[in-house]
Amino acid sequence: MNKEIQTILDDLQMKMKESRFRHTLGVMHTAASLAYCYEYDANKAMLAAALHDCAKITGLNDYVSECKKYHISFPKVCLKSPHLLHADLGAYFAKEVYHVNDQEILHAIKVHTTGCPNMNLLDKIIFIADYIEPGRPDFDGITAIRYNAFHNIDKAVLLETENVLNYIKKQGFAIDERTVETYNYYKKLIDRR
């Protein structure tokens, strides 16, 4: 781990709840493992993972006002599900507070919750690492997603988005169209193979 990541972790550890910081470390470990598996830059993956939840130092009720304050646009569904905004806000904080200018890292942070069609490898690594990190409790489908994460990353994205959409529907929550678009894109991609 490089010095930049360690400095960021030291700062986040002071600002985050202990459970959120443990989650961040789990995502970093998983992202590094996926990066090695797919021959991607592990330090870059760990930096994106370290910052993926950096906006979660503010309260959930502050996400909408923080986005408005910093002129971050967001879909209307986020008014019903403001937790989704931590990804957009996190990309902003990564750039403005932690001085990360790498657009690939910023994009991976921005889409780590909803995904997006045609994600690049870092996007997929962070999207999946956040979902399967070892600290997550076991739930239906997690074993298949963990397996595919290291064998067929696109299929892992499909299975994750399918799981998320099923959970959202079952709970009666508002559905972010970006997750539906992600599911549809990866469903077509996997079906064509």
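In this text the structure is predicted, and so the values were computed from the model without any measurement.
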Original post:
Within the side chain of His107, is there an N or O that forms a donor-acceptor pair under 3.5 Å with the backbone of Gln103?
Top reply: no
Original post:
With hydrophobic residues grouped by side-chain heavy-atom distances under 4.5 Å, do Met14 and Leu9 end up in a single group?
Top reply: no
Original post:
From Glu133 CD over to Arg22 CZ, what is the distance, rounded to the nearest 0.5 angstrom?
Top reply: 10.0 Å
Subject >> Interatomic distance, Cys67 atom SG to Asp62 atom CG [nearest 0.5 angstrom] >> reply: 10.5 Å
Subject >> Spacing of Thr7 atom OG1 and Asn2 atom CG [to the nearest 0.5 Å] >> reply: 8.5 Å
Original post:
So, the side chain of Thr30 versus the backbone of Val27: is there a donor-acceptor pair under 3.5 Å, distance only?
Top reply: no
Subject >> Residues that Asp10 engages under side chain to side chain donor-acceptor pair (under 3.5 Å), provided they are two or more places apart >> reply: Gln6
Original post:
Who pairs with Asp154 by side chain to side chain donor-acceptor pair (under 3.5 Å), at least two apart in sequence or on another chain?
Top reply: Lys124, Arg193
**OP:** Mark yes when over 12 heavy atoms from residues, nucleotides or ligands other than Tyr36 sit less than 6.0 Å from its OH; otherwise mark no.
**Re:** no
Original post:
Minimum heavy-atom separation for Ile109 to Ala94, with atom names?
Top reply: CD1-CB, 3.7 Å
Original post:
Quick one: salt bridge (charged side-chain N to carboxylate O under 4.0 Å, His left out) partners of Arg178, sequence neighbours excluded?
Top reply: Asp88, Asp176
**OP:** Assess whether atom CD of Glu39 is packed by more than 12 heavy atoms of other residues, nucleotides or ligands within 6.0 Å.
**Re:** no
**OP:** Indicate the atoms forming the closest heavy-atom contact of Ala55 with Tyr63, along with that distance.
**Re:** O-CE2, 3.6 Å
**OP:** Using the test side-chain contact (heavy atoms from CB on, under 4.5 Å), find all partners of Ala35 that sit at least two apart in sequence or belong to another chain.
**Re:** Tyr40, Ala42, Ala45, Ile125
Original post:
If you round to the nearest 0.5 Å, how far is CG of Asp102 from NZ of Lys95?
Top reply: 11.5 Å
Original post:
side chain to side chain donor-acceptor pair (under 3.5 Å) with Asp130: which residues, sequence neighbours excluded?
Top reply: His23, His52, Arg136
**OP:** State which residues pass side-chain contact (heavy atoms from CB on, under 4.5 Å) with Leu165; sequence neighbours excluded, sorted by chain then number.
**Re:** Ile175, Thr179, Val180, Tyr183
Original post:
Can any side-chain N or O of Tyr38 pair as donor or acceptor with the backbone N or O of Ile153 at less than 3.5 Å?
Top reply: yes
Subject >> salt bridge (Lys or Arg N to Asp or Glu O under 4.0 Å) contacts in which one or both residues fall within residues 71-83, not counting sequence neighbours >> reply: none
**OP:** Give me the one residue out of Leu189, Asn184, Asp191, Ile190 that meets side-chain contact (heavy atoms from CB on, under 4.5 Å) with Leu158.
**Re:** Ile190
**OP:** Might you point out which heavy atoms bring Val111 and Phe127 nearest each other, and give the distance in Å?
**Re:** O-CD1, 3.8 Å
Original post:
CE of Met28 to CD1 of Ile8: how many Å apart, nearest 0.5 Å?
Top reply: 9.0 Å
Original post:
Looking only at atom types and distance, does a side-chain atom of His86 sit under 3.5 Å from a main-chain N or O of His83, one as donor and one as acceptor?
Top reply: yes
Original post:
CD1 of Ile105 to NZ of Lys110: how many Å apart, nearest 0.5 Å?
Top reply: 16.0 Å
Original post:
Any sub-3.5 Å donor-acceptor pair from Arg20's side-chain atoms to Cys54's backbone N or O?
Top reply: no
**OP:** Could I get the full list of salt bridge (charged side-chain N to carboxylate O under 4.0 Å, His left out) partners for Glu104, not counting sequence neighbours?
**Re:** Lys44
**OP:** Identify the heavy atoms of Ala31 and Ala49 that sit nearest to each other, and give their distance.
**Re:** CB-CB, 3.9 Å
Original post:
Do you know which two heavy atoms are closest between Thr113 and Leu84, and how far apart they sit?
Top reply: CG2-CD2, 3.5 Å
Subject >> side chain to side chain donor-acceptor pair (under 3.5 Å) partners of residues 163-173, not counting sequence neighbours, each pair once >> reply: Tyr131-Asn163
Original post:
Is Tyr147 reachable from Leu159 through a run of I, L, V, M, F, W or Y residues, each pair having side-chain heavy atoms under 4.5 Å apart?
Top reply: no
**OP:** Applying side-chain contact (heavy atoms from CB on, under 4.5 Å), name anything that partners Ile57, two or more places apart in sequence or on another chain.
**Re:** Lys15, Met16
Original post:
Donor-acceptor pair, Asn120 side chain versus Asp123 backbone, under 3.5 Å?
Top reply: yes
Subject >> side chain to side chain donor-acceptor pair (under 3.5 Å) involving Tyr186 - partner list, sequence neighbours excluded >> reply: none
Original post:
Which pairs pass salt bridge (Lys or Arg N to Asp or Glu O under 4.0 Å) with one or both residues in residues 63-73, sequence neighbours excluded?
Top reply: none
